[in-house]
Engineer: 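Just passing along the structure, written as structure tokens.
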Amino acid sequence: MVYGALIKKGLELSTRVPRMQYSPIQLQRKELKKLLLKASATQFGRHYQFNDILNARSFMYAFRDSIPMFNYNSMYESWWRKCQEEQEDVCWPGKVKYFALSSGTSDSASKHIPVTHDMVKSLKRASIKQILTLSKYNFPASFFEKGILWLGGSTDLKKHGGYYEGDVSGISAKRVPIWFRKFYKPGKKISKQHDWNAKLEQMTLEAKNWDIGIITGVPAWVQLLIERVMDYYQLKSIHEIWPNLQVYVHGGVSFEPYKKSFEKFFSKPISYIELYPASEGFIAFQAEPGVNHMKLVLDNGMFFEFVPFDENNFDDNGELRPGAQSCFINEVEEGKDYAILLSTCAGAWRYLIGDTIKFVNKDQATIVISGRTKHYLSLTGEHLSVDNMNKAIEKVCQQWNIAIGEFAVAGIPHEGHFAHQWYIGTHHRVNIAKIKESLDEYLKSLNDDYAVERVSALKEVFVEVLPPELFYKFLEHKGKSGGQHKFPRVLKAALLKEWKEFLLKQQ
């Protein structure tokens, strides 16, 4: 208890220390200057003449005008490939010793995202910033002595020549500070496990020996673990085995569709805290209790630009158009969808990470995640975003008092026009016709374009109800089982074909 009281007091004192107040654009201007200075002698910095950019009257605008936007393929082929060949000083000083494997949720081949020593430090600093926000919650001192169950990727990284590769969560967990190991679960041995099913089994067996206060991880995999623990120990609530559990930290996907499922796990109040981690960096976190937005981390080795997510900048496949235009943080508008461009201390430069966000308050730099550049449907101009989908599914769950663990949607041809095919994962017995009608009506109310298209070219909506386990089996089939992988919300082209073939084999 004394240890917990000291930690709590330290967190409270740290938030009271007066700090110089800077505006978002001031913070970002300083960050970009530091990035350009440090990378000026790299191959990338020399090629794009960073020294000239720094000497320009307005170096931010010179930076934007001088360097093209990159997606993964163009960044990798031109630059990051050289890092894997162990060349030095490519996009950031030194050699890259770690690569985060990231396939997003649709591509079959893994992307290799550089993780430099400076980025590892950046991730740690952002984590500390987020931990400091716990002082704003009314937790007892004893809470700060409890275990933190972190469901991430394997810490047993694969070695390739002079570098290692694995999930960014595994890279971070492998380098946890010594003082944190007292709290960190599932511990060093289990964290090295690559086989996700074996990992779940080992965590289930050890669960009775842990006193967990915080769980952090992607909702789908946390749900699987909690369900397995409750089933194994015949529990009515996870609080029967972890009575001090008070916080669930989530990120990567919208939590709202999962909330109904999670409520049945708990018999005591739980604080939900949202993070925005990515393979490219720790982007944002929830800075205070009771809000549904996050604060961008603007002073931590990352420079942000924002590309309006509209037909002027993106084609129907979610690819950047030639001549796409970006905004700085002082130029954005609240409530509008933007795709994020990142320049970082890991050697990403004007790099499209694939997520879209909306600003809640531009002066406070608070945002919500609205979707992915490639995870939306617009077969006929309906412009259906992942944000629309999440909200509609949440409303369906509330209306019919059901839990939908997973879902996905595809656009398909139908009688010379088009239709949307929904796949919904739930254990509840449902009336498919009523679910379809409710889903359709909610989407019409959420999206005017969708409502218009439903009386013209978008002729029908189909719903297929499946056990949630099939979604996870499909991920396992693709070699994507485990803490960091998410099921895609939109199925297109080859992925849709593979999903249909998978479902046929399950019959």
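The first residue of the sequence shown is numbered 1, and numbering continues consecutively from there.
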Engineer: Considering the options F70, F304, W80, which one meets the ring-ring contact (aromatic ring centres under 6.0 Å, His included) requirement together with Y351?
Structural biologist: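 It is W80, the one option of F70, F304, W80 that forms the ring-ring contact (aromatic ring centres under 6.0 Å, His included) with Y351.
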
Engineer: Start with the C-alpha distance between Y248 and F266, add both sets of side-chain angles, then the distance that settles ring-ring contact (aromatic ring centres under 6.0 Å, His included), and finish with yes or no.
Structural biologist: CA-CA 11 Å; Y248 171 46; F266 309 127; 7.8 Å; no

Engineer: Assign the ring pair Y472 / W221 to parallel, tilted or perpendicular, where the plane angle (0 to 90°) is split at 30° and 60°.
Structural biologist: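 Plane angle between 30° and 60°, so tilted.
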
Engineer: Listed by chain and number, what are the side-chain contact (heavy atoms from CB on, under 4.5 Å) partners of E333, not counting sequence neighbours?
Structural biologist: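 Listed in chain order: K336, Y338.
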
Engineer: Could you list the donor-acceptor pairs under 3.5 angstrom formed between side-chain atoms of residues 49-63 and any protein atom two or more places apart in sequence or on another chain?
Structural biologist:
from	atom 1	to	atom 2	distance (Å)
N55	ND2	N51	O	3.1
Y61	OH	E331	OE2	3.4

Engineer: Decide if atom NZ of K159 counts as having more than 12 heavy atoms of other residues, nucleotides or ligands within a radius under 6.0 Å.
Structural biologist: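 Count over threshold, so yes.
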
Engineer: Taking K185 first and then E206, would you say they form a salt bridge - that is, a charged N and a carboxylate O separated by under 4.0 Å?
Structural biologist: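 The answer is no: the pair does not qualify as a salt bridge.
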
Engineer: Going by distance alone, is a donor N or O of one side chain under 3.5 Å from an acceptor N or O of the other, for N300 and S122?
Structural biologist: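 There is such a pair between these side chains.
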
Engineer: Should the pair E394-K259 be classified as a salt bridge under the 4.0 Å nitrogen-to-oxygen rule?
Structural biologist: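 Answer for the salt bridge query: no.
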
Engineer: Which heavy atom of K362 sits nearest a heavy atom of I329, and at what distance?
Structural biologist: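 Scanning both residues, the minimum pair turns out to be CE-O, 4.2 Å.
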
Engineer: Please determine if D299 and K129 form a salt bridge, counting it only when a charged side-chain N lies under 4.0 Å from a carboxylate O.
Structural biologist: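 Result for this pair is yes, salt bridge flagged.
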
Engineer: Between F265 and F262 (judged by ring centroids, cut-off 6.0 Å), do the two rings come close enough to count as a pair?
Structural biologist: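 Under 6.0 Å, so yes.
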
Engineer: Are side-chain N/O atoms of Q286 and Y272 paired as donor and acceptor at under 3.5 Å?
Structural biologist: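 Q286 vs Y272: no donor-acceptor pair found between side chains.
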
Engineer: Which pair of non-hydrogen atoms, one from P289 and one from K136, has the smallest distance, and what is that distance?
Structural biologist: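 Heavy-atom minimum between the residues: CG-O, 3.6 Å.
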
Engineer: Can you list everything that forms a side-chain hydrogen bond (donor to acceptor under 3.5 Å, both in side chains) with S66? Sequence neighbours excluded, please.
Structural biologist: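 Checked S66 against side-chain hydrogen bond (donor to acceptor under 3.5 Å, both in side chains); zero matches.
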
Engineer: Can a donor-acceptor pair be found between the side chains of Y258 and E406 at a distance below 3.5 Å?
Structural biologist: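 Per modelled atom types, Y258 and E406 side chains form a pair under 3.5 Å.
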
Engineer: One thing to verify: whether K146 and D211 come together as a salt bridge, which I'm taking to mean a side-chain N less than 4.0 angstrom from a carboxylate O.
Structural biologist: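 Yes, D211 and K146 are salt-bridged.
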
Engineer: Identify whether the distance between the nearest side-chain nitrogen and carboxylate oxygen of E85 and K82 falls below 4.0 Å.
Structural biologist: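 So E85 does not pair with K82 through a salt bridge.
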
Engineer: Could you check, using the six-membered ring where one of them is a Trp, whether W210 and F183 have ring centers closer than 6.0 angstrom?
Structural biologist: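 Aromatic pair excluded; centres sit 6.0 Å or further apart.
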
